[in-house]
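As structure tokens, the structure follows; a few thoughts come after it.
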Amino acid sequence: MQHALIVEDVPETSQWLRDILTQTFGDIRTTQSMTCQQARDALQTQYFNLALLDLNLPDGSGIDLISCVRQRCPDAYIVITTIFDDEEHILKALRAGAHGYLLKDSPDARFIQKLRGILSGDPPLSPSISRRILRYFTEVNAEQPQSAVVSPPHTESSQLNQLSPREQEVLTLVAKGLSRNDVAKLLTLSNNTVARYIRDVYQKLNISSRAEAAVEACRMGLVNTDSH
């Protein structure tokens, strides 16, 4: 990571995020904006590898900036940093194209760990956010008529059959919020092997993020949200 955009209207929090990024990535440049318009101006003249976007800004929401960041910096990693942990904000951000969602009340060590995971292919998603996504889709499926749940027939089971038992294990652990390193330790595998499993699972299911992995694991019945 070479250059990060921080969009945060509270000066103390913006400085905290800057310090967190320095601890995470070392000598990283940062540009700090307090409004959506300031961020858009910065995106016109600078290229960013990482964007940390707050939701509640004086002139809008960080979600409104996601498309702009993706257009101007297509390779940038976009992470929502906020205090809002409700399903509406989470799903809206992920659907808009955010790669991660971190809560600002997380301990510094966990925040750093999640951001550092970007370098090893682990999208930054707070564990509680994974649980809310899973719970949301479980409730949606429960509320649907039985005919809607099973239509088209065998979709979930056919997808599940595409995955080997080990790939199912890896998907389940990733969906529960474990990092690649944690999965490797738990399954007694190398990091490279786990990375290969994750890549293969993502390709087979046509997904590209931990959030989507959580949704698919829930739909396939691999994750029991009651255990969270």
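These numbers come from the heavy atoms of this one structure, side chains and all, not from hydrogens, waters or symmetry mates. The shown structure was predicted, so the numbers you read here are calculated from the model rather than taken from an experiment.
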Worked check of side chain to side chain contact (heavy atoms under 4.5 Å, CB included) between Thr82 and Tyr101: CA-CA 8 Å; Thr82 182; Tyr101 198 107; 3.4 Å; yes
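Counting heavy atoms from C-beta on, the side chains of Val10 and Asp54 never come closer than 4.5 Å. A heavy-atom distance below 4.5 Å is not found between the side chains of Phe48 and Val69. Residues Val183 and Tyr197 are not in side-chain contact: their nearest non-hydrogen atoms beyond the backbone lie 4.5 Å or more apart.
Checking side-chain atoms of Asp85 against main-chain N and O of Leu103 turns up no donor-acceptor pair under 3.5 Å. Panel note: side chain Thr13, backbone Asp9; no donor-acceptor pair is recorded below 3.5 Å. Looking at Gln168, its side chain does come within 3.5 Å of a backbone N or O of Leu163 through a donor-acceptor pair.
By the 30° and 60° cut-offs, the orientation of the rings of Tyr77 relative to His99 is tilted.
Using modelled atom types, one finds a donor on one side chain and an acceptor on the other under 3.5 Å when comparing Gln46 with Thr31. Side-chain atoms of Asp75 and Asn49 include no donor-acceptor pair closer than 3.5 Å. Donor-acceptor pairing under 3.5 Å is lacking for the side chains of Asp19 and Gln23.
To the nearest 0.5 Å, atoms OG1 (Thr81) and NZ (Lys114) are separated by 15.5 Å.
Note on Tyr47: it does not cluster hydrophobically with Ile78, by side-chain heavy-atom contacts below 4.5 Å among ILVMFWY residues.
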